[in-house]
2 protein chains.
Amino acid sequence: MTSTERETATEMRPTRQRTAVARALDSFTDFRSAQEIHALLGQRGEKVGLATVYRTLQRMAESGDVDALRTEDGEALWRRCSATHHHHLVCRSCGAAVEVEGPAVERWTRTIAEEHGFAEVSHTLEIFGSCRDCTSASAAGS
Amino acid sequence: MTSTERETATEMRPTRQRTAVARALDSFTDFRSAQEIHALLGQRGEKVGLATVYRTLQRMAESGDVDALRTEDGEALWRRCSATHHHHLVCRSCGAAVEVEGPAVERWTRTIAEEHGFAEVSHTLEIFGSCRDCTSASAAGS
DNA sequence: ACCCGCAGTGAGAACGATTGTCAAAACTCC
DNA sequence: GGAGTTTTGACAATCGTTCTCACTGCGGGT
Ligand SMILES: [Zn+2]
Ligand SMILES: [Zn+2]
Ligand SMILES: [Zn+2]
Ligand SMILES: [Zn+2]
């Protein structure tokens, strides 16, 4: 512990790498994997180590700057999101996402949990589907 | 195609291994990982390869005999569940699970998806928390 | 009972996303 | 400028899961 011992809250230095990741996140609206984001940075000539991309995304997720979700096969996807609690409607094939809110659902989960004596409750809720573009694209293919 | 060409639906042979996995699933009600189930079988003296456990669980999940969910760090957990669509209230530390249903939520997700032109919609919804037992156990520890 | 053919199995290799390591580089503050 | 941290990145290591492929064994005709 430092002698100062003050509120060491979350002193996050604004390094070149971190701002690069932040800018990358601002450049797209769909959900992408850490590796895809790392590749994107590479294409732009921004050299950032893969581990750093992972670390930065995690930090930003903790501070609520980005949302993370897991595909059905377990891969983590990331996206810059609004700070308020919400869920997503995500396209399975292109990753396009829409933020959705459902106060009723929030209430319902809390109630259910209480009824069963569960504490420290959290929840995950994602809606997956095929967005309009992808649906018509695949229809054309038949 | 066989000459008979009858409904070859999902001809799944009832092998020793498959019944062993099925029985193992019947012996607990919490969510467990494939590896844990494999270990459980080992303890019972039932020799079943890990790959077979994975394959069997997947098959059973497809046919709706078991439910799978992913922990927050991406690991798949399995549990024998009732056949009707439902969600879970799961304890983060011991895996204890309660099946819950929310017709309103089902309706809501479908509506939201339609509004945004998404097709082939599915959704995931799990509620995580600390069950009564685990909560009091950790409280005792302080 | 005997054969055949193919679904099923298992040991181990391979995979792929993520995390750990640790010395070098970059920052902050003095 | 220098001390003390934090951050970085190349690479190794993890770890859950899937793949490979030779081998096993059920099933169903004969
Ligand atoms: Zn799409
Ligand atoms: Zn919510
Ligand atoms: Zn518990
Ligand atoms: Zn549902």
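Only this structure's heavy atoms are used, side chains among them; waters, hydrogens and symmetry mates stay out. For clarity, every value in this text was computed on a predicted model and none was experimentally measured. A, B, ... follow the sequence lines: proteins, then strands. Residue 1 opens every chain.
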Under-3.5 Å N/O pairs linking protein and nucleotides 1-3 of chain D:
none

For nucleotides 12-17 of chain C, which of its nitrogen or oxygen atoms have a protein nitrogen or oxygen under 3.5 Å away, and what is each distance?
| unit_1 | atom_1 | unit_2 | atom_2 | d |
| --- | --- | --- | --- | --- |
| C:dA17 | OP2 | A:Gln35 | NE2 | 3.3 |
| C:dA17 | O5' | A:Gln35 | NE2 | 3.4 |

Kindly give the atom pairs (protein nitrogen or oxygen, nucleotide nitrogen or oxygen) under 3.5 Å for nucleotides 28-30 of chain C.
none

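Atoms CD (B:Gln17) and P (C:dA7) sit 17 Å apart, rounded to a whole Å. Taking atom CZ of residue B:Arg16 and atom P of nucleotide D:dG27, one finds them 15 Å apart after rounding to whole Å. Rounded to an integer number of Å, the gap from CD of A:Glu72 to P of D:dT17 is 15 Å. As rounded to whole Å, 5 Å separates atom P of D:dT7 from atom CZ of A:Arg59. The CZ atom of B:Arg32 sits 16 Å away from the P atom of D:dG16 (whole-angstrom rounding). Atom P of nucleotide C:dT18 and atom CG of B:Asp73 are separated by 11 Å, given to the nearest angstrom. Residue A:His38 contributes atom NE2, which lies 15 Å from atom C1' of C:dT19 at whole-angstrom precision. Atom CG of A:Leu57 and atom C1' of C:dT19 are 14 Å apart (whole Å).
Applying the 4.5 Å side-chain rule to ILVMFWY residues, one finds A:Leu89, A:Val98, A:Val100, A:Trp108, A:Ile112, A:Phe118, A:Val121, A:Leu125, A:Ile127, B:Leu89, B:Val98, B:Val100, B:Val105, B:Trp108, B:Ile112, B:Phe118, B:Val121, B:Leu125, B:Ile127 in the same cluster as A:Val105. Annotation for A:Leu77: hydrophobic cluster partners, listed by chain and number, are A:Phe31, A:Leu69, A:Val90, A:Phe128 (ILVMFWY side-chain heavy atoms under 4.5 Å, direct or chained).
Ranked by how close their nearest DNA chain D nucleotide is to the 5' end, B:Leu77 and B:Thr15 are led by B:Leu77.
Considering only the side chain of A:Gln58, C:dT19 comes nearest among D:dT17, D:dT8, C:dT19. Of the candidate nucleotides C:dT9, D:dT7, D:dT17, C:dT9 has the atom lying nearest to any side-chain atom of B:Arg55.
No side-chain heavy atom of B:Trp78 sits under 4.5 Å from any side-chain heavy atom of B:Glu36. At a threshold of 4.5 Å between non-hydrogen side-chain atoms, the residues A:Arg55 and A:Thr52 count as touching. A heavy-atom distance below 4.5 Å is not found between the side chains of A:His38 and A:Arg32. Within the 4.5 Å cutoff, side-chain heavy atoms of B:Leu40 are placed close to those of B:Ser27. The shortest distance between side-chain heavy atoms of B:Met60 and B:Arg80 falls below 4.5 Å. Residues A:Glu126 and B:His123 have side chains not in contact (no heavy-atom distance under 4.5 Å, counting atoms from C-beta outward). Annotation: side chain of B:Arg79 is not in contact with side chain of B:Asp30 (no heavy-atom distance under 4.5 Å). The side-chain heavy atoms of A:His88 and A:Asp67, taken from C-beta on, include a pair separated by under 4.5 Å.
Considering only residues two or more places apart in sequence or on other chains, B:Ala39 meets the side chain to side chain contact (heavy atoms under 4.5 Å, CB included) condition with none of them.
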